2 protein chains.
Amino acid sequence: MASIKDVAAEAGVSVATVSRVLNDHPSVSADARARVLAAVDALGYRPNAVARSLRTDQTRTLGLVISDVLNPYFTELARSVEEEARALGYSVVIGNADERPDLQDHHVRTLLDRRIDGLLVSPTDGGSPLMLDAARAGTPMVFVDRWIPGVDVPVVRADGRSAVRDLVAHLHGLGHRRLAIIAGPAATTTGSERVEAFRDALRAYGLPLPDAYIGQGDFQAASGRRVTEEFLDLAEPPEVVFAADNLMALGALDAVRARGLRVPDDIALAAFDDIPWFVHTDPPVTAIAQPTPELGRAAVRAVVDRIEGRPPRSVTLAATLVVRRSCGEPPGPPGPQDPYTPHTPHPDDTQRSTP
Amino acid sequence: MASIKDVAAEAGVSVATVSRVLNDHPSVSADARARVLAAVDALGYRPNAVARSLRTDQTRTLGLVISDVLNPYFTELARSVEEEARALGYSVVIGNADERPDLQDHHVRTLLDRRIDGLLVSPTDGGSPLMLDAARAGTPMVFVDRWIPGVDVPVVRADGRSAVRDLVAHLHGLGHRRLAIIAGPAATTTGSERVEAFRDALRAYGLPLPDAYIGQGDFQAASGRRVTEEFLDLAEPPEVVFAADNLMALGALDAVRARGLRVPDDIALAAFDDIPWFVHTDPPVTAIAQPTPELGRAAVRAVVDRIEGRPPRSVTLAATLVVRRSCGEPPGPPGPQDPYTPHTPHPDDTQRSTP
DNA sequence: CAGGTTCGTGTAATCGATTCCACAAGGAGG
DNA sequence: CCTCCTTGTGGAATCGATTACACGAACCTG
């Protein structure tokens, strides 16, 4: 592969001049510039980003460590992150933690070794020493979706409290009184916050949230299945199951179906994180939708601000309730036909109905 | 951030010795080794991968350019690729082409600039000069899923011909005679091959595949919706729509629902690429399943073979038909309950029923 | 027209590693 | 006791870029 020396030789100039042309430094004569450009073209030269990074101490790369690639929520997040980063001249390297702290650590370490300019993390746990040290040492870092309390790192996330209240109001209005939740790991903020929000919302209606109605999941489908089975085995099973993420909702759907029961007739279901597929499940699933693409964009802008010396800001956006049929028919005259929400995976084309 | 010089100073040895310890070169005294290790620990030193790559001319990184991150098929592929790569000591950098040749080109260029050791591509089109040049220039490269004919690059893919024959047999057995297909872009192999396989299978049953029953899609949901609407507007609409990928099937489902029609009563639906969600759609969708995790692993092994000087092999695995309810009840006494297939996104735990 | 800018260019240092080569010390063998 | 090896170590070149600095030529300006 041709190097800058080859180009210099071909163009009959020094490497300094070639470099100047490439970085369009002003003081290069038109003649030299033309010769260099011709040489670049002739040799098919492309600057070696590795060498450049070593010298300039910047890689123009962002690391993104997400909790689970198979979760459409994170996939959508990754997509918007890459999009915004590209617009700002950065590349993104994605690390998939699969909800495993050890894998998360592996990826953080690898990314740090590669000297990425900034790090976006959706932490799977309370944070390893490695990550906390990096934060303290001044690595530009931003938490997305989930965060670690007590660490001085900006957070970009959606606040679901009001949407959870809307959900509970909706459920209460449909006559449900025994509501259960499949929680995420307590070590994650989204794991504990969603339970808290749910409990608070129930309290407003004078409803209890007994321990038996709090199932411990891990944001993966299998745990949703297991917890739902436990709920169904209860002497007094809940009337509604609220899954703290979409994969556990999928698992819940599995479990219900495996028993030969029907949603919402035998048991109602709702989920945190809306995804395109929820429109097409049987029945369509009522969910709390996050402004995922906006979160991704805001997160990128925050790290890049930090990288480029501007003060980064934490961002909190609102989540909204999307009512579908999985909790029962809404009150009022039921229409003959379900409201149709066009699905497309492109953010510029996505529409969502709010209650 | 501490460099190798700092470690050398701290340990009272030369940088050469530090390097030797780090790469466990045999000729280092136990004493020196201990002092270096202690210094590494004390300083929290981590070798700079950028500098190392510059010197050794290898990044231990693989590039993966996929057609669409929002497509669960590619997400699953990416996951297995990263897993296998990690097991072999490589990192993976994913580029999402979003089915856009220009974006694909952007990512290939960026990855090449970063001097990745090998490239895995699922081409969105016939291949840009950039990519073809790279292949010719000897960049270790492997095509996954889709490929570009006439280029000397190993291909790792699934052969769907026999599964498509099984599908057509199934449809024919259910009494369907007017079968239509939503094709992918003709520029992609999976776009054209699936149509060919379908046409051949139909021929075996003496069924025609009129041009009106070949809709041109682009592997995205919106095109599935559009093509399905066109089918439904035909004087004689098809009885079955076969979508060449899962997103277009989703679009088809949208379109059918928007007309107030039912699957499979009014029109049957089948898809290429099985995904967990198809179990839970209304109705569950009959699909052709690829051995996606195996494809990912085989692809990684192929590039790594190439990188490490072993001859890489092309791999073709078989796809299988998974019958569900979207084409009508299978003949014979219909069971009261759907067969239950547990869903989990983890490959080690996935089960699939074959007809 | 002398002195000061400005402009274009090249030389060489530098980033943080790896690795070739030289060399010193010590042990083995004659 | 003098070679010859082996072993452990350090100096310095190198990878491919960027960039500070020096320098010569041309151009003003008073």
Side-chain angles (χ1 to χ4, degrees), chain A residues 1-40 43-61 89 91 109-117 137, chain B residues 1-40 43-61 89 109-117:
Chain A
M1 185 140 270
S3 84
I4 196 170
K5 273 189 203 156
D6 303 316
V7 176
E10 172 86 9
V13 297
S14 73
V15 294
T17 300
V18 176
S19 177
R20 288 191 191 99
V21 171
L22 263 30
N23 297 284
D24 41 40
H25 186 92
S27 66
V28 178
S29 69
D31 174 58
R33 175 180 311 275
R35 294 220 309 286
V36 168
L37 259 19
V40 164
L43 299 175
Y45 168 75
R46 295 247 79 213
N48 183 327
V50 174
R52 191 198 293 254
S53 292
L54 177 61
R55 184 58 235 254
T56 60
D57 200 34
Q58 54 167 346
T59 51
R60 296 208 69 88
T61 299
S91 295
R109 191 187 316 277
T110 308
L111 292 168
L112 255 22
D113 284 356
R114 303 255 146 114
R115 301 301 193 265
I116 43 136
D117 293 341
Chain B
M1 185 140 269
S3 85
I4 196 171
K5 271 188 206 157
D6 303 315
V7 176
E10 173 86 9
V13 297
S14 73
V15 294
T17 299
V18 176
S19 177
R20 281 192 271 263
V21 171
L22 263 30
N23 297 284
D24 41 39
H25 185 92
S27 67
V28 177
S29 69
D31 174 58
R33 176 181 309 276
R35 293 218 311 285
V36 168
L37 259 19
V40 164
L43 299 174
Y45 169 75
R46 295 246 80 214
N48 184 326
V50 175
R52 190 198 295 253
S53 293
L54 176 61
R55 185 57 235 255
T56 61
D57 201 33
Q58 54 166 349
T59 50
R60 295 207 70 85
T61 300
R109 190 187 316 277
T110 308
L111 292 168
L112 256 23
D113 284 357
R114 303 253 146 115
R115 300 301 192 264
I116 43 138
D117 293 341

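This structure is a prediction, so every number in the text was calculated from the model and none was measured. Heavy atoms only: backbone and side chains are in, while hydrogens, waters and symmetry mates are out. In what follows, every chain begins at residue 1, and chains take the letters A, B, ... in the order their sequences are listed.
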Note, B:V13 side chain near B:R35 side chain (heavy atom, < 4.5 Å): yes
A:M1 side, atom CE; A:R46 side, atom CZ - distance, nearest 0.5 Å: 9.5 Å
Distance, rounded to the nearest Å, where A:L22 contributes CG and D:dT18 contributes C1': 11 Å
Distance in angstrom units between A:R60 CZ and D:dA17 P, rounded: 18 Å
Selected nucleotide, minimal atom distance to B:A51 side chain, candidates D:dA17, D:dG10, C:dG16: C:dG16
Quiz item: A:R20 side-chain donor-acceptor pair to C:dG10 base, under 3.5 Å: yes
Distance test, side-chain N/O of B:T17 to OP1/OP2 of D:dG10, below 4.0 Å: yes
Between CG on residue A:D57 and CZ on residue A:R55, distance to nearest 0.5 Å: 10.0 Å
Touch class at under 4.0 angstrom, heavy-atom based, for B:V13 against every strand present: sugar-phosphate
B:N23 side chain near C:dT18 phosphate (N/O to OP1/OP2, under 4.0 Å): yes
Interatomic spacing from CG in B:L111 to CG in B:D117 - rounded to 0.5 Å: 11.5 Å
Sugar-phosphate, base or nothing in reach of A:S19, heavy atoms under 4.0 Å: base
Distance-only donor-acceptor test, B:R55 side-chain atoms vs D:dT14 base atoms, 3.5 Å: yes
Residue A:S27, side-chain atoms from C-beta onward, closest of C:dC15, C:dG10, C:dG8: C:dG8
Sugar-phosphate, base or nothing in reach of B:A32, heavy atoms under 4.0 Å: sugar-phosphate
Phosphate-side-chain proximity, B:S29 and D:dT9, N/O vs OP1/OP2 below 4.0 Å: yes
Value in whole Å for how far the P atom of C:dT11 lies from NZ of A:K5: 13 Å
Sugar-phosphate, base or nothing in reach of A:D57, heavy atoms under 4.0 Å: nothing
Distance in angstrom units between B:D31 CG and D:dG8 C1', rounded: 11 Å
Inter-end axis angle, the helix from C:dG4-D:dC27 to C:dG30-D:dC1, with every axis fitted to five base pairs (rounded, 10 degrees): 60°
Distance, rounded to the nearest Å, where A:Q58 contributes CD and C:dT14 contributes C1': 16 Å
Atom pair CZ (A:R33) and CG (A:D24), whose distance is rounded to the nearest 0.5 Å: 6.5 Å
Heavy-atom side-chain proximity of A:K5 to A:V18 below 4.5 angstrom: no
Whole angstrom value for the distance that separates C1' of D:dA17 from CG of B:D113: 13 Å
Whole angstrom value for the distance that separates P of D:dG16 from CG of A:L43: 14 Å
Reported OG1-to-CD1 distance for the pair B:T61 and B:I116, which is rounded to 0.5 angstrom: 8.5 Å
Heavy-atom side-chain proximity of B:S3 to B:N48 below 4.5 angstrom: no
Earlier contact from the 5' end, DNA chain C, for A:R33 and A:V15: A:R33
For atom NE2 of A:H25 and atom P of C:dG8, their distance in whole Å: 9 Å
Nearest-nucleotide 5' precedence on DNA chain D, A:A16 against A:M1: A:M1
